[in-house]
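To start, the structure under review is shown below, and the notes come after it.
Everything numeric here is computed off the predicted structure, so don't read it as measured data. In the text below, chain A, chain B and the rest are named by the order of the sequence lines, each starting its count at 1.
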Protein chains: 2
Amino acid sequence: MLISEFARAADLPVDTIRFYITKGLLKPERSTKGGSNPYQVFRKEDVTAARMIRLQQTLGYSLGEILELNEEYRAGEHSPERTVEVLQSQIARLEERKAALDQALSFLRGKVDWIKAGKPEGAPRLEDYQC
Amino acid sequence: MLISEFARAADLPVDTIRFYITKGLLKPERSTKGGSNPYQVFRKEDVTAARMIRLQQTLGYSLGEILELNEEYRAGEHSPERTVEVLQSQIARLEERKAALDQALSFLRGKVDWIKAGKPEGAPRLEDYQC
DNA sequence: TATAAGTATGGAGTACAGTCCATGGTCAAG
DNA sequence: CTTGACCATGGACTGTACTCCATACTTATA
């Protein structure tokens with residue numbers, strides 16, 4: 001799969017993909033085609049990798065952090081224990097974020113209830129929620 | 001409360017607060033003190049507002065979007081129905097994000113289980129999760 | 001074999017979210 | 001009434017994550 005097809009598959013602009021490659025986030029193979037500037041060929045795992053990057057971004061990781069995480073992941077690829085460790089730490093961060101999100105939801109729902117109750121004393125305060 | 005005290009209360013750098021003010025995200029009052037450049041005074045609701053901004057940021061909103069949301073909120077402030085509507089739409093967006101997060105967690109947990117099971121056929125694929 | 005479409009590389013430019021700094025005014029304590 | 005802490009404003013600067021060329025080469029199609 002060449003870059004434009006990959007771009008469609010990953011739903012990302014070609015330029016963004018090239019940018020990720022320069023950052024080391026994607027490492028496509030090189031084709032024999034393309035002469036002195038050989039074409040880059042992408043595997044279907046690269047599509048998964050690209051989706052993973054976008055997901056991690058929405059979770060608040062910077063590209064630098066994502067790179068670290070992914071390198072760490074690759075480094076322990078042949079040790080199931082290490083792989084599980086890396087995954088667990090990602091799960092932990094995700095759960096933290098989820099907890100914050102739940103707190104925020106509680107706050108907003110509490111506020112709706114408070115308004116529906118005719119705004120009695122003691123409006124819900126965000127400070128009372130650990131998020 | 002003046003800006004440095006507010007900065008401590010909101011746990012933000014003074015410069016960031018000034019930046020938010022120029023963006024219209026915070027609207028402190030003006031003191032009579034300070035001569036030709038009157039001091040800005042902050043209420044305790046501003047602390048809540050600042051926390052809300054940071055929360056919205058972690059949820060992936062840009063400052064521009066946060067500004068829109070908050071203006072929309074203020075616009076309907078005197079109509080309980082409208083306020084509830086705005087809150088409901090925020091809740092809906094938050095729930096979407098939470099759903100994506102849950103999908104991601106399922107994926108990662110599935111991967112851990114798969115590894116612990118000795119990596120049988122059919123590795124979990126991120127593409128199979130709507131996140 | 002011309003020509004359009006696709007590709008690689010390098011570098012400039014942009015948007016966003018701050019962060020830093022110089023200047024100058026103000027206030028409160030001693 | 002001086003001095004040190006605090007405040008406002010404007011502008012320059014930074015890092016991140018793209019985004020947009022210009023140039024040049026390669027490939028596939030008619």
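Between A:Pro28 and the options A:Ile21, A:Leu2, A:Ile3, a side-chain contact (heavy atoms from CB on, under 4.5 Å) holds for only A:Ile21.
Minimum interatomic distance between B:Phe107 and B:Pro124 (heavy atoms only, all atoms of both residues): CE1-O, 3.6 Å. Heavy atoms only, all atoms of each residue included: B:Gln57 and B:Tyr20 are closest at OE1-OH, 3.5 Å. When all heavy atoms are compared, the tightest approach of A:Lys23 to A:Leu67 is O-CD2, 3.4 Å. Residue A:Ser106 comes nearest to A:Tyr129 through the heavy atom pair CB-CE2, 3.7 Å, listed as atom of the first residue, atom of the second, then distance. Closest non-hydrogen pair, B:Ala7 versus B:Val14, comes out as CB-CG2, 3.8 Å.
Put simply, NZ on B:Lys23 is 15 Å from P on D:dG10, counting in whole angstrom units. Rounded to an integer number of Å, the gap from CD of A:Glu29 to P of C:dA8 is 14 Å. Taking atom CE of A:Met1 as the reference point, atom P of C:dT7 lies 12 Å away to the nearest angstrom. Rounded to an integer number of Å, the gap from B:Arg30 CZ to C:dT26 C1' is 14 Å. In this structure, B:Asp15 atom CG and D:dG10 atom P are separated by 14 Å, rounded to whole Å. Here D:dC13 presents its C1' atom at 13 Å from CZ of B:Phe19, a figure rounded to the nearest Å. Here D:dA17 presents its P atom at 14 Å from CG of A:Leu26, a figure rounded to the nearest Å. Atom CZ in B:Phe6 sits roughly 15 Å away from atom C1' in D:dC7 (whole-Å rounding).
The structure places CD of B:Gln40 at 10.5 Å from CG of B:Asp46, a figure rounded to the nearest 0.5 Å.
A heavy atom lying under 4.0 Å from DNA chain D marks the following residues of residues 34-55 of chain B, by number: B:Asn37, B:Pro38, B:Tyr39, B:Gln40.
With sequence neighbours excluded, the residues that form a ring pair (Phe, Tyr, Trp, His ring centres under 6.0 Å) with B:Phe6 are B:Phe42.
When distances are taken from the side chain of B:Thr16 to each of C:dT7, C:dT19, D:dC6, the shortest belongs to C:dT19. Residue B:Ile3 places its side chain closer to D:dA8 than to any other of C:dC21, C:dG18, D:dA8. Listed nucleotides: D:dT16, C:dC20, C:dG18. Nearest to the side chain of A:Ser62: D:dT16. Comparing atom distances between the B:Arg18 side chain and each of D:dA17, D:dC7, C:dT19 picks out D:dC7 as nearest.
Between the side chains of B:Arg93 and B:Tyr61, at least one donor-acceptor pair of N or O atoms lies under 3.5 Å.
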Nucleotides 28-30 of chain D: which of its N/O atoms have a protein N/O under 3.5 Å away?
{"from": "D:dA28", "atom 1": "OP1", "to": "A:Lys33", "atom 2": "NZ", "distance (Å)": "3.3"}

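Looking at A:Glu95 and B:Arg109, a side-chain N of the basic residue comes within less than 4.0 Å of a carboxylate O on the acidic one, giving a salt bridge.
Contacts of B:Tyr20 with the nucleic acid, taken as non-hydrogen atoms under 4.0 Å apart, involve only primed sugar atoms and P, OP1 or OP2.
In terms of phosphate contacts, B:Ser4 brings no side-chain nitrogen or oxygen within less than 4.0 Å of OP1 or OP2 of D:dA5. Between C:dG18 and B:Gln57, a contact under 4.0 Å exists linking OP1 or OP2 to a side-chain N or O.
Two residues, A:Thr32 and B:Val14, neighbour DNA chain D, and the one matched to the more 5' nucleotide by heavy-atom proximity is B:Val14.
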